[in-house]
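A quick write-up on the structure given underneath.
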Amino acid sequence: MSKLRVAVLGARGRIGSEAVRAVEAAEDMELVGALGRGDRLESLVDAGAQVVVELTTPASVMGNLDFCVRHGIHAVVGTTGWTDERLGQLSTSLDASPETGVLIAPNFSIGAVLTMMFARQAARYFESAEVVELHHPNKADAPSGTAVRTARLIAEARTEAGCAPQPDATLTALDGARGADVDGVPVHSVRLRGLLAHQEVLFGGEGETLTIRHDSLHHSSFMPGVLLGVRRVVSAPGLTVGLENFLDLG
Ligand SMILES: NC(=O)C1=CN([C@@H]2O[C@H](COP(=O)(O)OP(=O)(O)OC[C@H]3O[C@@H](n4cnc5c(N)ncnc54)[C@H](OP(=O)(O)O)[C@@H]3O)[C@@H](O)[C@H]2O)C=CC1
Ligand SMILES: O=C(O)C1=N[C@H](C(=O)O)C[C@H](O)C1
């Protein structure tokens with residue numbers, strides 16, 4: 001069987017360099033490109049890349065994906081910064097290239113994906129829900145893409161179930177004391193030397209709380225998800241948001 005021809009964008013970054021090693025080690029893949037800032041995207045076409053793994057910055061990702069979609073190169077995207085407007089823009093460009101697949105994965109680690117799924121499941125049963133994400137201090141953005149996605153899934157589940165808005169009678173004395181409001185769910189960001197990527201989802205009801213916690217302790221935690229995304233995106237045309245769509249979660 002022929003190997004999948006894969007290129008990594010952001011190849012010298014923290015997660016990109018790990019992805020380069022993971023693709024090189026995968027028996028069913030061939031690394032045909034490892035691009036950093038300033039490298040020519042045209043080299044992806046010259047190298048015959050079938051799938052790009054996009055791990056750059058929110059400022060670069062849209063331009064890179066525009067190029068990939070226009071050239072029929074599938075993409076597995078871990079880069080953050082996704083708004084409804086950006087997703088709409090990407091969907092529109094995919095309409096013109098209907099055989100191309102793009103996976104946006106807010107988090108590639110299986111534990112983080114399960115955290116999001118469990119949080120969505122729990123959301124309707126508790127009056128209160130808050131998300132605390134904790135990351136290394138070099139992270140480019142806050143809140144994390146994972147935390148925003150988690151909060152949105154919680155909010156959607158609560159709306160579908162007809163839940164009332166969360167109780168909160170606090171008068172805040174300082175801006176930011178209650179975190180960022182993501183569709184009615186407070187999201188708090190911690191940046192601390194020594195950490196990598198961590199998240200707690202806190203639920204509260206009458207006389208009880210539930211905490212779901214996930215810890216990524218090394219960038220290797222994201223690699224099985226990256227490789228799964230690469231293998232599956234080639235037969236998933238259009239836009240897929242969330243690695244859970246490629247997992248059998250029962
Ligand atoms: N979905 C997931 O599971 C995960 C997602 N992420 C996300 O991935 C992204 C990268 O994170 P991280 O590796 O920590 O960040 P880094 O800053 O370590 O890496 C980003 C890399 O992208 C390079 N870059 C910037 N613009 C371009 C471009 N146009 N073309 C090619 N390369 C470019 C940067 O180069 P230079 O340094 O020269 O600017 C840098 O080497 C973030 O959005 C992060 O949140 C991270 C971990 C897991
Ligand atoms: O920048 C990181 O490190 C990470 N970014 C992603 C996010 O913003 O959710 C995924 C993971 O949390 C690591």
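None of these values were measured; they are calculated from a predicted model. Indexing begins at 1, ligand by ligand and atom by atom, following the structure's order.
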Ligand 1 to G13, heavy atom cutoff 4.0 Å, flagged ligand atoms 13 (O), 18 (O), 19 (O), 21 (C), 41 (O)
>> Could you check whether F203 and F126 have their ring centres less than 6.0 Å apart?
In response: yes
_So L4 and V23, do their side chains get closer than 4.5 Å, heavy atoms only?_
no
Query raised in the report: Judging by distance only, is a nitrogen or oxygen of F222 under 3.5 angstrom from one on ligand 1?
Result: no
Using a 4.5 Å side-chain heavy-atom cut-off and chaining through intermediate ILVMFWY residues, the residues clustered with L9 come out as L35, L41, L44, V45, V52, F67, I73
Dump all N/O pairs between ligand 2 and the protein below 3.5 Å as a table: atom names plus distance, one pair per row.
| residue | atom | partner | partner atom | Å |
| --- | --- | --- | --- | --- |
| ligand 2 | 1 (O) | K139 | NZ | 3.0 |
| ligand 2 | 3 (O) | H136 | NE2 | 3.1 |
| ligand 2 | 5 (N) | K139 | NZ | 3.2 |
| ligand 2 | 8 (O) | K139 | NZ | 2.7 |
| ligand 2 | 8 (O) | G145 | N | 2.9 |
| ligand 2 | 9 (O) | G145 | N | 3.2 |
| ligand 2 | 9 (O) | T146 | N | 2.8 |
| ligand 2 | 9 (O) | T146 | OG1 | 2.5 |
| ligand 2 | 12 (O) | H135 | NE2 | 2.6 |

Contact between A140 and ligand 1, counting heavy atoms under 4.0 Å? no
Report task. Could you tell me whether some N/O pair between G78 and ligand 1 is separated by less than 3.5 angstrom? Result -> yes
Within 4.0 Å of some non-hydrogen atom of K139, the atoms of ligand 1 are 45 (O)
Quiz prompt | Short side-chain to backbone donor-acceptor contact, S97 and V69, under 3.5 Å | solution = yes
Under 4.0 Å between heavy atoms, the region of F108 that gets near ligand 1 turns out to be both
Atoms of ligand 1 under 4.0 Å from any heavy atom of R12, numbered from 1 in the order shown, are 41 (O)
Check against side-chain contact (heavy atoms from CB on, under 4.5 Å), E24 and E30:
CA-CA 6 Å; E24 279 178 326; E30 182 185 354; over 6 Å; no
The answer for which part of A59 has a heavy atom under 4.0 Å from ligand 1 is neither
